[in-house]
Amino acid sequence: MTGFKSDFMRVVHERGMVHQCSDLERLDTLLASGARTAYIGFDCTADSLHVGHLLQIMLLRWWQKTGHKPIALMGGGTTKVGDPSGRDETRQLLTSQQIDANMATIKRSFANYLRFGDGPTDAVMANNADWLDGLLYIPLLRDVGRHFSVNRMLTMDSVRLRLERDQPLSFLEFNYMILQSYDFVELYRRHKCIVQMGGSDQWGNIVMGADLGRRVEGAELFALTSPLLATASGAKMGKSAAGAVWLNPDRLSPWEFWQYWRNCEDADVGRFLKLFTDLPLAEVARLEALGGQEVNEAKKILATEVTTLAHGADAAGTAAETARRTFEEGARADTLPTVQVAHARLKVGIPAFELLHEAGLAESRTEARKLIKGGGARLNDKVLASDITAVGEADLDAGGTLKLSAGRKRHVLVRAV
């Protein structure tokens with residue numbers, strides 16, 4: 001469909017953010033006629049969201065920027081069950097205290113993306129524990145469960161793929177799509193929410209919720225999903241050599257976050273600028289057309305724009321300046337990620353491979369050894385000749401720090417304490 005009536009549909013399609021929509025033409029018409037409400041759910045399985053969630057957050061951001069009301073739904077209730085989508089094993093069950101603690105830190109991730117308040121298009125933060133925790137089993141079976149066909153549930157990807165791989169699916173997890181569907185109905189009742197958005201792996205669950213709303217409330221509800229993203233080389237979004245790319249600065253520093261985007265593949269620059277920044281498409285096209293060494297300037301702009309949204313302009317500016325000093329001037333920037341090591345250990349000497357691993361520059365000691373033996377590790381900007389080189393007091397500068405590097409783009413300061 002082309003020639004959209006609503007700003008939201010035009011923007012998200014131009015930027016490549018849509019995979020499927022249950023009734024595209026009808027929803028476009030409704031969005032053009034006034035402010036509407038949509039939600040996306042985020043379970044609280046960790047104390048931070050990561051880059052894999054970022055496209056969903058950007059969908060909510062554009063929903064609000066084009067004149068509509070977004071709801072960020074925290075899965076305080078559904079996290080107690082665990083979403084089986086895309087997994088071969090049951091998620092570890094968390095305590096209520098762990099879920100509440102995770103939720104408290106996750107909420108902060110939305111502050112730079114959405115405007116919260118009481119206005120008609122101000123964002124709302126909801127928690128599905130508010131209604132799921134109080135449900136009674138028999139009434140739920142009678143009032144909600146009777147609308148679900150087990151035959152149909154077995155065809156949904158979240159269930160079907162697990163069973164096809166001969167992996168166990170607990171009855172607890174099997175209920176997840178019922179609870180997610182009930183969320184949609186409850187948000188319709190409370191906020192007149194008519195759209196649920198999510199990743200394409202959530203399509204079946206969202207459609208089930210829209211169907212439940214039609215059955216129990218006579219509501220006209222819609223499903224809209226985004227594509228599941230991978231890098232140009234096929235790697236999963238949100239993962240780096242050092243692990244998950246977290247949005248919480250306590251889990252991953254703004255510098256490391258900036259570096260993740262700065263180090264993206266050339267072929268991904270234009271796509272990522274469309275998906276993860278607010279830059280006008282004309283500017284994106286200009287940056288996407290850059291070739292040769294100029295593409296690095298486009299990557300810096302991408303990194304700074306994405307980091308500004310996630311962590312604020314000050315943090316993004318500091319990260320960009322740290323990169324400039326580290327790479328262009330060869331200087332040791334004090335704002336590099338820092339790890340602390342006991343001075344007593346450095347007096348004795350720490351094997352280089354062990355310190356490289358402790359500093360987070362290698363996932364394992366074995367990987368650290370390989371990195372050093374391949375000439376890819378540096379101590380104070382000098383190539384480490386051996387994986388068993390003892391790093392000690394003599395390597396510290398006057399401020400009691402030394403610099404470790406993995407390749408040319410990942411650096412950590414080690415401070416003696």
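Everything numeric here is computed off the predicted structure, so don't read it as measured data. Position 1 is the first residue of the sequence; numbering continues from there.
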Is [X] reaching over with its side chain to a backbone N or O of [Y], donor-acceptor style, under 3.5 angstrom?
X	Y	answer
Thr304	Ile301	no
Gln20	Trp203	no
Asp28	Lys5	yes
Ser48	Asn248	yes

Could you go through the side-chain contact (heavy atoms from CB on, under 4.5 Å) check for Thr155 and Arg152 one step at a time? CA-CA 5 Å; Thr155 68; Arg152 188 182 181 196; 4.3 Å; yes
Test salt bridge (Lys or Arg N to Asp or Glu O under 4.0 Å) applied to Asp23 - qualifying residues, sequence neighbours left out: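 Result, salt bridge (Lys or Arg N to Asp or Glu O under 4.0 Å) vs Asp23: none returned.
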Would you call Glu367-Lys370 a salt bridge at under 4.0 Å N-O?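 Salt bridge: no.
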Would you check if [X] and [Y] make a side-chain contact, meaning some heavy-atom pair closer than 4.5 Å?
X	Y	value
Leu404	Leu356	yes
Phe353	His357	no
Leu221	Arg214	no
Thr37	Lys192	no
Val306	Leu54	yes
Met153	Met208	yes
Leu287	Leu279	yes
Thr79	Thr45	yes

Pairing donors with acceptors under 3.5 angstrom, does anything connect the side chains of [X] and [Y]?
X	Y	value
Gln56	Ser226	yes
Thr105	Asp47	no
Gln196	Gln180	yes
Thr366	Ser364	no

Straight-line distance of [X] [atom1] to [Y] [atom2], nearest 0.5 Å:
X	Y	atom1	atom2	answer
Thr78	Ile178	OG1	CD1	13.5 Å
Leu309	Ile57	CG	CD1	10.0 Å
Met9	Met17	CE	CE	12.0 Å
Cys193	Ile71	SG	CD1	4.5 Å
Ile40	His53	CD1	NE2	10.5 Å
Met58	Leu114	CE	CG	10.0 Å

Indicate the atoms forming the closest heavy-atom contact of [X] with [Y], along with that distance.
X	Y	answer
Asn128	Gly77	OD1-N, 2.6 Å
Phe116	Ala123	CD2-O, 3.3 Å
Cys44	Gly75	SG-N, 4.0 Å
Leu290	Ala298	CD1-CB, 4.2 Å
Ala303	Arg262	CB-N, 3.7 Å
Thr307	Pro254	CG2-O, 4.1 Å

Derivation of the side-chain contact (heavy atoms from CB on, under 4.5 Å) call for Arg26 and Phe222: CA-CA 9 Å; Arg26 172 62 177 158; Phe222 300 87; 3.7 Å; yes
Salt bridge (Lys or Arg N to Asp or Glu O under 4.0 Å): pairs with one or both residues in residues 174-186, sequence neighbours excluded: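 Salt bridge (Lys or Arg N to Asp or Glu O under 4.0 Å) check on residues 174-186 returns Glu186-Arg189, Glu186-Arg190.
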Describe, in one word, how the ring planes of Phe257 and Trp261 are oriented to each other, choosing from parallel (under 30°), tilted (30 to 60°) and perpendicular (over 60°).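 Aromatic pair Phe257/Trp261 classed perpendicular.
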Which residue is it: Leu94, Asp133, Leu179, Leu132? I am looking for the one with a side chain to side chain contact (heavy atoms under 4.5 Å, CB included) to Lys80.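 Of the listed options, the one satisfying the test is Asp133.
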Not counting sequence neighbours, list each pair that qualifies as a side chain to side chain donor-acceptor pair (under 3.5 Å) and has a residue in residues 271-288.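 Output for this query lists Arg61-Asp278, Asp268-Arg271, Glu283-Arg286.
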According to the ring-ring contact (aromatic ring centres under 6.0 Å, His included) rule, which pairs have a member within residues 25-45, sequence neighbours left out?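 The answer is Tyr39-Phe184, Phe42-Phe110.
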Which atom pairs, donor and acceptor, lie under 3.5 Å between side-chain atoms of residues 139-148 and protein residues at least two apart or in another chain?
residue: Arg146; atom: NE; partner: Arg142; partner atom: O; Å: 2.7

Hey, mind stepping through Val284 and Glu14 against side-chain contact (heavy atoms from CB on, under 4.5 Å) and telling me if it holds? CA-CA 12 Å; Val284 170; Glu14 286 176 345; over 6 Å; no
Please tabulate, one pair per line, all N/O donor-acceptor pairs under 3.5 Å involving side-chain atoms of residues 62-69, not counting sequence neighbours.
residue: Trp63; atom: NE1; partner: Arg36; partner atom: O; Å: 3.2
residue: Trp63; atom: NE1; partner: Lys69; partner atom: O; Å: 2.9
residue: Gln64; atom: OE1; partner: Arg115; partner atom: N; Å: 2.9
residue: Gln64; atom: NE2; partner: Arg115; partner atom: O; Å: 2.9
residue: Gln64; atom: NE2; partner: Thr121; partner atom: O; Å: 2.9
residue: Thr66; atom: OG1; partner: Trp62; partner atom: O; Å: 2.7
residue: Thr66; atom: OG1; partner: Trp63; partner atom: O; Å: 3.2
residue: His68; atom: ND1; partner: Arg36; partner atom: N; Å: 3.0
residue: Lys69; atom: NZ; partner: Gly119; partner atom: O; Å: 3.0
residue: Lys69; atom: NZ; partner: Asp122; partner atom: O; Å: 2.7

Any chance you could lay out the side-chain contact (heavy atoms from CB on, under 4.5 Å) test for Tyr260 and Glu256, step after step, and finish with the verdict? CA-CA 6 Å; Tyr260 172 78; Glu256 293 169 293; over 6 Å; no
Pi-cation contact, Phe4 with Arg10 (under 6.0 Å, within 45°):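 Not satisfied by the 6.0 Å and 45° rule.
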